[in-house]
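Residue numbers begin at 1 in each chain, while the letters A, B, ... track the order of the sequences.
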Amino acid sequence: MYIFALHFIPHSMNQTIRVRFAPSPTGPLHIGGVRTALYNYLFARKQHGSMILRIEDTDQARFVQGAEQYITESLNWCGIEFDESPGKGGPYGPYRQSERRELYQQYSDQLIASGHAYYAFDTPEELEALRKEGEKRKQPFIYNILSRQHLRNSLNQSPQETQQLLDSGYPYVVRFRIPENTVITMDDLIRGKVQVHSDTIDDKVLFKSDGMPTYHLANIVDDHLMKISHVIRGEEWLPSLPLHLLLYQAFGWDPPLFAHLPLLLKPDGNGKLSKRDGDRLGFPVFPLQWEDPVTGEKSSGYKEAGYYPEAFINMLALLGWNPGTEQELFDMDGLIAAFDIGRVGKSGSKFDPDKAKWFNHQYLIRRSNAALSDEFLPLLRERNISAKPEYVAKVAGLLKERLQFVSDLWEEGSFFFQAPITYDEQVIKKRWKADTPTLMLDLATMLESLEAFEEEEIDSAVKSWIETKGYGMGAVMNALRLLLVGTSKGPHLASIMTLIGKAETLRRIRFGVTTIHT
RNA sequence: GCUCCCUUCGUCUAGUCAGGUCCAGGACGCCAGGUUUUCAUCCUGGUAACAGGGGUUCGAAUCCCCUAGGGAGUACCA
């Protein structure tokens, strides 16, 4: 038997680059979606093209209140900007499919007129029964050349019969008529050549009985009308590519170029990353915190967890793409300059929470002390602690190397703001000897006599004091640290004393000596 | 079940298109040592991978075939 062949050979279009991110407002956007938006954005900017946001809300049943706003706010937080969007408008609007609904009917009609589509009157129940039966027989039920002659559709009816049903208001859908016995050859920017036999694909519904187009129709019509040059989307769409290409052909339109991005996988086990995984595994899957409007269930977000958007984006960009060099740190401009869709990998990537934290650390240590201070001040205020920004900046400068998030500043340096009240038992056991109290009191007296209470002076004074007295460095310093910090951690003691000041230093020593008992 | 996609250290990946310079490089993590008055940082070192099997070739992570595993799709959802 002869098999027809259909080649969709991508032609180098000398047109302007236009890409779109087209989410469905059925809930919050997770990091996989953000990455898709990001790659679209990087591609558009790199090529000096346009980035469009289109809301695909053709499914009325799955509409979620607040989801569209969430999407906009998330992308905004990430620094992903649109040239055309529902909010901003643009020459090809409206950018919400629900506002374009009148548009789609004519295209559906056009396809029926040209014989590329037909009316189908099968009920959802009938189809479900057929699918179930197919499953039982281990033979897939496909609505196409193999079965359509036995089903209730205009292909098997006289025009009068069809018209009568239509006139009577009988519910119908419009289905695309997949050409039979044809090998469809497609080209993907990431995957290369992909082939599929037309008899394995469904006569997909283009127009639903509720009067709305399905994704497939609306998507193709809008991409064409909006002059989209490249469709960059998730791999879950790859199986629909033949249908989409066939649709372009049926309309007589030039298709855009396609790139199907690999999926983001669960960090543990297998499968595509899903909304539940984040809080189950202790890391966010959403850019921003999301509260379900119906159930009230909250899911954590990167922003609230303390991530910088730059770090989040950097981490996401490298999940599935790499520049081919060993550079890992990129700001948005750097990403735009380095991005190449051809260097996107083919296999799915597991998200690594540890690496995400490392990225944040990298951005944090590069931040100015003043900025860190601004970010930490509100957290101090929450604890009813007021401090001078200059002081907080100095603390931040001293501690930033050991932080992953600004909020770690409290854990690492609360003693800069609050004298210890309790002391680490382990350290007491190890460092607090019988003669330590006297020793510490002597040290306090020496410190009190210092003229200039500055880091260098303190450091040399303490060192020479220890030397002349013949004490062990470790014994003195660790005990002193216990008194000032409450445990055995923190930066150089001279730095701590300089920052908290002479009076506070002496106070802590004298208070601790009377408080610590072994 | 069927269709399509994928497969290099635990993870992200370089290298695969143009076979040799790869007994496979980097990063995160982990481990050890060094520095340090503590902890952290930092520095140095280490750990650890071409899914398996056939072929082609003087030579294969790279090309071909098969097997296995994983993923996606299979809705009047997107």
Side-chain angles (χ1 to χ4, degrees), chain A residues 22-26 56-59 61-62 120 122-124 127-128 131 134-142 171-175 186 188 190-192 194-197 199-202 204-210 212-216 218-219 233-242 260 262-263 265 267 270-272 315 318-328 342-343 345-359 361 365 399-403 412 427 431 459 462-463 466 472-482 485 487-494:
Chain A
S24 179
T26 53
E56 309 227 323
D57 53 350
T58 49
D59 186 358
R62 293 209 309 159
D122 319 273
T123 67
L127 293 172
E128 201 181 323
R131 279 189 198 102
E135 213 171 300
K136 218 182 287 171
R137 297 204 332 259
K138 302 232 170 189
Q139 282 289 98
F141 167 72
I142 307 176
Y172 70 92
V173 299
V174 175
R175 283 182 184 272
M186 302 157 282
D188 183 271
I190 292 168
R191 273 148 236 284
V194 177
Q195 282 189 324
V196 68
H197 191 106
D199 288 357
T200 64
I201 54 186
D202 240 37
K204 283 289 178 199
V205 171
L206 299 180
F207 214 81
K208 300 183 268 188
S209 59
D210 65 359
M212 289 290 260
T214 60
Y215 167 83
H216 299 110
N219 184 265
R233 64 208 329 187
E235 193 187 347
E236 68 269 27
W237 293 111
L238 193 54
S240 324
L241 182 56
H260 289 89
L263 266 17
L265 275 14
N270 303 307
K272 166 169 137 172
M315 176 272 295
L318 258 16
L319 212 53
W321 167 84
N322 78 82
T325 66
E326 282 176 3
Q327 185 181 349
E328 292 207 89
R343 292 200 62 89
K346 296 176 181 179
S347 50
S349 359
K350 286 183 187 167
F351 169 76
D352 180 3
D354 279 328
K355 188 106 187 210
K357 287 180 187 159
W358 177 81
F359 272 110
H361 171 73
I365 61 179
L399 298 173
K400 67 206 286 189
E401 286 287 352
R402 58 188 76 208
L403 310 176
E412 293 301 326
V427 182
R431 304 292 189 185
D459 202 39
V462 170
K463 273 179 182 155
I466 291 174
M473 192 72 154
V476 176
M477 288 313 213
N478 287 299
L480 180 57
R481 179 174 294 278
L482 181 67
V485 175
T487 184
S488 65
K489 69 169 185 188
H492 205 267
L493 277 178

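In this model, the phosphate group of B/C39 is not approached by any side-chain N or O of A/R402 to a distance below 4.0 Å at OP1 or OP2. Here A/T487 does not reach the OP1 or OP2 of B/U38: none of its side-chain N or O atoms lies under 4.0 Å away. Look at A/R233 and you won't find any side-chain N or O under 4.0 angstrom from OP1 or OP2 of B/G73. Taking side-chain N and O atoms only, A/K208 has a distance below 4.0 Å to OP1 or OP2 of B/C77. One finds no side-chain N or O of A/R431 lying less than 4.0 angstrom from the OP1 or OP2 phosphate oxygen of B/U38.
If you check every strand for non-hydrogen atoms under 4.0 Å, A/P491 touches a base. The residue A/T325 sits apart from the nucleic acid: no heavy atom pair falls under 4.0 Å.
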| Stepwise side-chain contact (heavy atoms from CB on, under 4.5 Å) test for A/V194 and A/L241 | CA-CA 10 Å; A/V194 177; A/L241 182 56; 5.8 Å; no
| remark: Per-nucleotide protein contact along nucleotides 6-19 of chain B, 5' to 3', at a 4.0 Å heavy-atom cut-off (B base, S sugar-phosphate only, - neither), is SS---BSSSS----
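For A/R481, taking side-chain heavy atoms from C-beta onward, the closest of the listed nucleotides B/U38, B/C77, B/G26 is B/U38. Closest to the side chain of A/W358, from the set B/U38, B/A27, B/A78, is B/A27. Nearest nucleotide to the A/S24 side chain, out of B/A78, B/U3, B/A72: B/A78. Checking B/G1, B/C76, B/G71 against every side-chain atom of A/S209, the shortest atom distance belongs to B/C76. Closest contact between the side chain of A/P140 and the listed nucleotides B/C4, B/G1, B/A78 involves B/G1.
Remark: P of B/G26 and CD of A/E326 are 7 Å apart, rounded to the nearest angstrom. With rounding to whole Å, A/H216 atom NE2 is found 9 Å from B/C77 atom C1'. Between the P atom of B/U3 and the CD atom of A/E135 lies a distance of 16 Å, rounded to the nearest Å.
Sequence order on RNA chain B of the closest nucleotides to A/D354 and A/K489 puts A/D354 first from the 5' end. Each of A/G490 and A/Q139 has a nearest nucleotide on RNA chain B; the 5'-most of these lies closest to A/Q139.
In this structure, A/W237 and A/H216 have perpendicular ring planes: the angle between them is above 60°, well past the 30° mark.
Between A/R62 and A/D59 there is a salt bridge, since at least one side-chain N of the basic residue sits less than 4.0 Å from a carboxylate O of the acidic one.
Under the Watson-Crick or G-U wobble criterion, with both distances below 3.5 Å, B/G69 is paired with B/C6.
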